[in-house]
Amino acid sequence: MNLFDVYPLYPITPVKALDCIITDDKGIEYLDLYSGHGVISIGHTQPDYVAKVKAQLDNLSFYSNAIQNPLQVELAEKLGKASGLTDFSLFLCSSGAEANENALKVASFHTKKSRVIAFDNSFHGRTSAAVAVTDNKKIVAPLNAQQAVTFLPLNQIDLVEAELKKGDVCAVIIEPIQGVGGLDQGTTEFFQALEKVCKANDVVLILDEVQSGFGRSGKFFAHQFHNIKPDIICMAKGMGNGFPIGGILIAPHFEASYGLLGTTFGGSHLACAASIAVLDIIERDHLMENAAKVEAYFLEAIKVIPEIIKVKGRGLMLGVEFDFDVNALRKKMIIEKHIFTGGSNNKNLLRILPPLTITTAAIDTFIVALQESLAELK
Ligand code: PLP
């Protein structure tokens, strides 16, 4: 049987990884500055994480959500502490798209409305109940038979307010830092105004922190830089350090009822053990502080490269923008310099999303390799 060919593949076969280093089947080592779309938060095969997951696998990996699972309670308590959102509730699922789907479902039930507002170049997943943008082309996707999405430009609060006033909108969904779209962000003024107009019009404000959450920005959630409190927060990628887990944090004014949401795999014993280990290690090893420290170092050090026209993003969710398509540059960095970086819908942007354990020495290695690659491509 063939694989359904939907991914263009680099000719590299990783077989082993430790912290920020990936080793391929020929023994070649690569510096990982992409973390598989920001999934690896505490470093590959972090030994305490591996021990915790293995121990859980030896005991019980899964049982259904109809039976008490103390690991879910422990994860919720630790998430409340890490995020400061102790009065929110946690619903667990298995991926980013599923988190957003459930967030939109809660919003729709709560408001008894269906239309959704999202933003140009946003990316919220690929299921039928989410919003997608490919090649900068908007897909105004029907969420399901009843739901539709309206896309608006970022930072234009008057346009949002005009849509909300029509009275049929259940939710506004927004990434604090756009990931796939290319690291654009709303301003603090925009986020604060958004919170206000959503409240005034009884519309649910959903922050999609699937990529930016779990410490990647230098705060636990990237929206916390704007001093706002959303109604629902969606999480996934960095949550399990490679173990599939997602979730939504739901503000206290939403009422739960039996059957409102459900999932088979979400919140399994194994997934919870993985995510608890991630939270413990982020706290113990001060990885959010490291994200902020390495970001500051990166912003200063990268100034030696005059070809860069803009540095975008925050924390360890960064991008460097050039005035040319970076496809060949990225390929050279991977194949010849053995450094993984990422692309985005902005073809001129090289994305940097390393594990939160990354060192300033690794940033130096990246900058030298980038200088060499740019010179060699001239
Ligand atoms: N939301 C954001 C902001 C994302 O970046 C992604 C994936 O890239 C998703 C949602 C979808 O997550 P998943 O691929 O786990 O369904």
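What you are looking at is a predicted structure, and each value in this text was computed from that prediction instead of being measured. Along the sequence shown, residues are numbered consecutively beginning with 1. Just follow the structure's listing: the first ligand is 1, and inside any ligand the first atom is 1.
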Under 4.0 Å, heavy atoms only, figure out whether ligand 1 is touched by the backbone of A97, its side chain, both or neither. both
Give a yes or no answer on whether the side chain of S61 reaches the backbone of L57 with a donor-acceptor pair at less than 3.5 Å. no
Can the positive tip of R314 be found less than 6.0 Å from the middle of the six-membered ring of F225, inside 45° of the ring normal? yes
Indicate, as side chain, backbone, both or neither, the part of H124 found under 4.0 angstrom from ligand 1 when only non-hydrogen atoms are considered. backbone
Indicate yes or no: does E163 engage R115 in a salt bridge with an N to O separation below 4.0 Å. yes
Suppose I only count heavy atoms of N100 and a 4.0 Å limit; which atoms of ligand 1 are within that range? 1 (N), 10 (C)
For S95, the ligand 1 atoms with a heavy-atom partner under 4.0 Å come out as 15 (O), 16 (O)
In terms of relative ring orientation, are F62 and F265 parallel, tilted or perpendicular, with 30° and 60° separating the classes? tilted
For E283, is there an ion pair with K81 - N to carboxylate O distance below 4.0 angstrom? yes
Return yes when G179 approaches ligand 1 closer than 4.0 angstrom through a heavy atom, no otherwise. no
Is there a polar contact between ligand 1 and G96, counting only N or O atoms under 3.5 Å apart? yes
Any heavy atom of K237 closer to ligand 1 than 4.0 angstrom? yes
Strictly below 4.0 Å, N to O, side chains only: are E376 and K337 in salt-bridge contact? yes
Polar-atom distance check: D208 versus ligand 1, any N or O pair below 3.5 Å? yes
Taking heavy atoms and a distance under 4.0 Å, where does E98 meet ligand 1: side chain, backbone, both or neither? neither
Heavy-atom pair of closest approach, residues D323 and N348: C-ND2, 3.9 Å
Quick one: does E175 get within less than 4.0 Å of ligand 1, heavy atoms only? yes
